[in-house]
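Below: one structure, written as structure tokens.
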Amino acid sequence: MDLKRLSGKTAIVTGAAAGIGLATAKAFLREGAQVLMTDRDTQSGAAAAEALASQGAEVIFQKHDVASEADWQAVMTLVQERFGRLDILVNNAGIQLTRGLEETTLDDWRHVFGINAEGTFIGTRLAIGLMKTHGGSIVNVSSTYSMVADGLNAAYCASKAASRHFTKAAALYCADRKYNIRVNAVHPGVVMTPMLEREIVAVTADRGLPDTSAVEAEWSRICPLGIGEASDIADGIVYLASDESKYVTGSDLVIDGGHIIR
Ligand SMILES: NC(=O)c1ccc[n+]([C@@H]2O[C@H](COP(=O)([O-])OP(=O)(O)OC[C@H]3O[C@@H](n4cnc5c(N)ncnc54)[C@H](O)[C@@H]3O)[C@@H](O)[C@H]2O)c1
């Protein structure tokens with residue numbers, strides 16, 4: 001008997017070339033899913049998918065800017081052509097803009113929203129179209145910054161709050177129509193990925209510090225369980241993607257080592 005938690009399921013994971021997205025794709029493959037990894041970074045994404053496929057995994061890669069509706073259409077066509085159905089969508093791709101509010105332009109704001117909020121909206125809308133005949137699970141990777149704020153991340157915080165609340169509206173929409181599609185949000189706290197590495201450098205520069213050690217030490221201290229790993233988030237996403245969470249929709253899964261309970 002096959003006891004893998006995602007056996008027979010087909011998934012799209014966006015932003016899968018690095019960090020949490022890559023860890024999620026790996027966890028999904030480990031649990032028996034077929035995975036379409038997408039990312040705007042073709043080089044790293046294709047290399048990662050090739051490496052996984054060479055170990056026997058059922059995985060393909062597609063170049064994809066989540067802010068582009070045309071790219072999303074191509075991704076949905078590909079998943080149908082190659083796998084015949086879609087059961088899971090993980091809207092993971094996101095960007096952070098660590099910048100003072102007075103230095104944040106309207107273009108900056110729109111760029112962040114275009115990826116973090118609009119990308120999640122477009123993907124969810126199109127995925128519902130493919131899933132509504134048989135059901136599915138949509139997981140939106142938001143952030144604890146959707147719940148607590150950070151003075152150097154106004155556009156990011158607001159875009160993640162939009163994604164968080166959109167998740168609840170989408171969950172209700174699907175439940176009201178008896179689509180058997182669940183929509184949930186995951187909120188990582190401070191997780192060691194290329195994004196966090198860039199953030200540490202940006203905060204260090206904003207404070208005029210000579211190196212990153214003080215900022216790294218501060219973040220390790222403010223998280224009761226320390227800085228997290230990408231696989232910690234991926235494990236939560238597997239739960240929400242699997243049938244183990246069949247009674248869970250519109251919920252917030254905070255995975256932050258206790259950061260926001262202080
Ligand atoms: N790392 C953290 O501490 C943390 C905390 C809270 C939330 N998050 C969220 O988790 C998600 C993943 O973060 P991460 O830390 O792995 O980031 P990361 O920067 O390490 O990786 C993100 C991936 O998304 C891709 N990407 C960026 N813009 C894209 C676009 N327009 N279209 C397609 N792909 C795009 C990048 O190329 C990259 O491969 C993001 O939504 C982020 O906001 C991360």
Side-chain angles (χ1 to χ4, degrees), residues 12-27 36-49 61-72 74-75 89-98 110-124 139-150 153 155-164 166-167 185-203 215-216 219-220 222-223 225-234 236-237 240 252-257 259-260:
I12 295 171
V13 181
T14 70
I20 292 168
L22 179 56
T24 301
K26 287 179 179 172
L36 170 51
M37 297 169 63
T38 80
D39 203 291
R40 68 177 176 188
D41 177 349
T42 313
Q43 208 179 343
S44 309
F61 173 78
Q62 165 84 2
K63 181 176 167 55
H64 177 201
D65 177 353
V66 296
S68 159
E69 194 163 20
D71 277 14
W72 268 112
V75 165
L89 169 64
V90 183
N91 282 307
N92 164 75
I95 56 162
Q96 188 166 25
L97 180 75
T98 305
R110 287 179 175 154
H111 183 56
V112 172
F113 266 71
I115 294 170
N116 295 357
E118 290 174 20
T120 298
F121 157 68
I122 303 166
T124 300
V139 182
N140 296 330
V141 181
S142 176
S143 169
T144 48
Y145 277 179
S146 69
M147 303 171 176
V148 296
D150 178 79
N153 276 287
Y156 181 78
C157 291
S159 71
K160 291 297 186 179
S163 154
R164 176 181 181 224
F166 166 72
T167 299
V186 167
H187 304 286
V190 183
V191 183
M192 193 45 82
T193 65
M195 177 183 282
L196 183 64
E197 287 165 12
R198 291 190 297 271
E199 164 82 351
I200 288 171
V201 169
V203 173
V215 175
E216 274 181 65
W219 282 359
S220 298
I222 60 174
C223 296
L225 298 184
I227 292 176
E229 297 170 9
S231 62
D232 295 324
I233 311 306
I237 296 174
L240 289 173
D252 295 302
L253 178 55
V254 175
I255 308 177
D256 71 342
H259 180 197
I260 65 166

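Counting starts at 1 for both ligands and their atoms, following the listed order. When a residue number appears, it is its place in the shown sequence, counting from 1. Everything numeric in this text was worked out from a predicted model, so none of it was measured.
Near ligand 1, residues G15, A17, A18, G19, I20, D39, R40, D41, H64, D65, V66, N92, A93, G94, I95, I115, V141, S142, S143, Y156, K160, P188, G189, V190, V191, T193, P194, M195, R198 come within 4.0 angstrom through at least one heavy atom.
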Which donor-acceptor pairs under 3.5 Å do side chains of residues 12-22 form with protein atoms, sequence neighbours excluded?
from: T14; atom 1: OG1; to: V90; atom 2: O; distance (Å): 3.4
from: T14; atom 1: OG1; to: N92; atom 2: N; distance (Å): 2.9
from: T14; atom 1: OG1; to: A93; atom 2: N; distance (Å): 2.9

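In this structure, H259 and V254 have side chains that are not in contact, with every pair of non-hydrogen atoms separated by 4.5 Å or more. Between Y156 and T98, every side-chain heavy-atom pair lies at or beyond the 4.5 Å cut-off.
Contacts of S146 classified as side chain to side chain contact (heavy atoms under 4.5 Å, CB included), with partners at least two apart in sequence or in another chain: S142, K160, A161, R164, H187. For S163, the side-chain hydrogen bond (donor to acceptor under 3.5 Å, both in side chains) test picks out no residue, with sequence neighbours left out.
One finds the CE atom of M147 at 8.5 Å from the CG atom of D256 (value rounded to the nearest 0.5 Å).
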